[in-house]
Amino acid sequence: MGVVIAGTGKALPELKIENEYLSRLVDTDSQWIIDRTGIETRHIATNETALDLAVKAAQEAMGGMDKDSIELVLVATVSPDMLVPSMGALVKRTLGLKNAIAYDINAACSGFIYGIWNAEALMKIHGIKRALVIGVERLSRITNWEDRGTCILFGDGAGCAVLELSDSKTGIISSFVKNYDDVTDCLIVDIQYPKTPFSDDGPKDPYINMNGSQVFRFAVGAIGEAMDSVLQKAGIKADDVQYYVPHQANMRIIQSAAQRMKQPVDKFQVNIKTTGNVSAASIPMALSDLMKSGKVHSGDKIMLVGFGGGLSAGAILFEAL
Ligand SMILES: CC(C)(COP(=O)(O)OP(=O)(O)OC[C@H]1O[C@@H](n2cnc3c(N)ncnc32)[C@H](O)[C@@H]1OP(=O)(O)O)[C@@H](O)C(=O)NCCC(=O)NCCS
């Protein structure tokens, strides 16, 4: 029995913000951002909620599928509209997915990989025939727009994959997830809870706080370990993979992954130039672009690979339908 990726979709907010605009907010310049990250523009939500984006991506991924056939909704996010109900529960309610179990996963930028890893296992154990795995972020609301080390990197958006249980197709070949303790708090987002009669946590910084060069070094190592691991489990070589869909955090991280695997960088799906880093939504948005590009043939092997806060990393190797 296999779990196949049967549909993909994505959604972006309307507003596009160029690097040039950011150089009016902080001491930076567009060429520095392009050279150090590969990012030129990003989409920023104004009126769109995370739910709007998640629902739009899910609708595109589902196409004409019967809503009643969706039995599981997993939403990976670090910037939900609210804590309760979960984004999963909100998507279920909004789309009228009456037969779905729905909840959220927080594995930061690795969230979509963790979501697929969870969904595959649950589908096989419980005989769940069809699931949605969504990555959605409105990172702009937890971005410190006065910090030039982070505000140049992030954007908003959503991506979705429909997973199906199959008797005859291979689908997911191998998977890998791993946590590494963030002992120095190199990537954190704190929570500002209100004061109560019983506790007062004091002021907290609710923005993304990151030591960029430390995260960069972690990413290069972790992405390599994840890629090696899924190849080894599958008993295949990097050359046997037709397309790689990496987390879109920095073009230099993507290039270093390509170098490490001795693969041409054009086998890597890249959309960071126009989206920036959209955390859990980065991989499913790039996957949707790849699947709709017309380049992918049935049986092609595709690798999803990501890393993020936690610290966390993972990869999924699958065969295209
Ligand atoms: C953030 C990042 C782009 C910074 O690039 P970098 O080459 O590592 O740059 P450094 O942090 O070493 O800083 C180098 C210099 O550039 C400066 N700098 C930082 N941001 C800048 C900006 N937006 N514009 C201009 N200069 C900037 C720094 O202040 C530093 O100056 P100094 O040498 O005078 O102190 C890079 O570290 C990165 O992408 N890290 C990974 C982040 C990531 O993936 N996060 C998400 C994980 S899922």
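Each ligand, and each atom within it, is numbered from 1 in the order the structure gives. This one's a predicted model, so the numbers in the text were calculated from it and none came from an experiment.
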Are E120 and K124 ion-paired here, with the side-chain N under 4.0 Å from a carboxylate O? yes

How close does the nearest protein non-hydrogen atom get to atom 10 (P) of ligand 1, and which residue and atom is it? S213 CB, 4.9 Å

Pair listing, side chain to side chain donor-acceptor pair (under 3.5 Å) test, anchored in residues 235-248, at least two apart: D239-Q263, H247-N277

List the closest protein heavy-atom neighbour of atom 47 (C) of ligand 1: residue, atom name, distance to the nearest 0.1 Å. V215 CG1, 3.6 Å

Find all atoms of ligand 1 within a distance of less than 4.0 Å from any non-hydrogen atom belonging to N277, and give their numbers and elements. 46 (C), 48 (S)

List every atom of ligand 1 that sits less than 4.0 Å from any heavy atom of T37, numbering the atoms from 1 in the order shown and giving each element. 3 (C)

I want to know if ligand 1 touches T28 in the polar sense, i.e. an N/O pair below 3.5 angstrom. yes

For I101, look at atom CD1 and say whether over 12 heavy atoms of other residues, nucleotides or ligands are found less than 6.0 Å away. no

Under a 4.0 angstrom heavy-atom cut-off, which atoms of ligand 1 come close to I152? 23 (N)

Any heavy atom of G149 closer to ligand 1 than 4.0 angstrom? yes

Considering all protein heavy atoms, does one lie under 4.0 Å from atom 40 (N) of ligand 1? yes

Contact atoms of ligand 1, heavy-atom distance to A249 under 4.0 Å: 44 (O)

A side-chain contact here means heavy atoms from C-beta on lying under 4.5 Å apart; do K169 and E319 qualify? no

When rounded to the nearest 0.5 Å, the distance separating CD1 of I272 from CZ of R252 is 10.5 Å

What residue and atom, counting heavy atoms only, is the protein's closest point to atom 30 (C) of ligand 1, and at what distance? R148 NH2, 4.7 Å

Sub-4.0 Å protein heavy atom next to atom 5 (O) of ligand 1: yes

Could you tell me whether atom 13 (O) of ligand 1 has at least one protein heavy atom nearer than 4.0 Å? no

At a 4.0 Å threshold, what atoms of ligand 1 neighbour a non-hydrogen atom of H247? 48 (S)

Would you say atom 2 (C) of ligand 1 makes contact with the protein, given that contact here means a non-hydrogen protein atom less than 4.0 Å away? no

I'd like to know if the side chain of Q31 pairs up with that of D35 as donor and acceptor (distance under 3.5 Å, no hydrogens or angles considered). yes

Would a distance-only check, ignoring hydrogens and angles, find a side-chain to backbone donor-acceptor pair under 3.5 Å from Q192 to K204? yes

Any protein heavy atom sitting closer than 4.0 Å to atom 20 (N) of ligand 1? yes

Ligand 1 atoms in contact with R36 (distance to a heavy atom under 4.0 Å): 7 (O)

Looking at K67, I'd like to know if its NZ atom is crowded, meaning that more than 12 non-hydrogen atoms belonging to other residues, nucleotides or ligands lie closer than 6.0 Å. no

Can you tell me which residue and heavy atom of the protein come closest to atom 36 (C) of ligand 1, and the distance to 0.1 Å? N250 ND2, 4.0 Å

Please check this pair: side chain of S174 against backbone of V230, looking for a donor-acceptor N/O pair closer than 3.5 Å. yes

Any chance the side chains of E18 and T41 put a donor and an acceptor closer than 3.5 Å? no

State, to 0.1 Å, how close V305 and A226 come at their nearest heavy-atom pair, and which atoms those are. CG2-CB, 4.0 Å

Protein contact of atom 45 (N) of ligand 1 - nearest heavy atom, named by residue and atom, plus distance: M210 SD, 3.1 Å

Is it the case that atom CG in D66 sees more than 12 heavy atoms from other parts of the structure closer than 6.0 Å? yes

Ranked by distance from atom 18 (N) of ligand 1, the top protein heavy atom is W32 CZ2, 3.5 Å

Of all the atoms in ligand 1, which lie at a distance below 4.0 Å from a heavy atom belonging to C109? 48 (S)

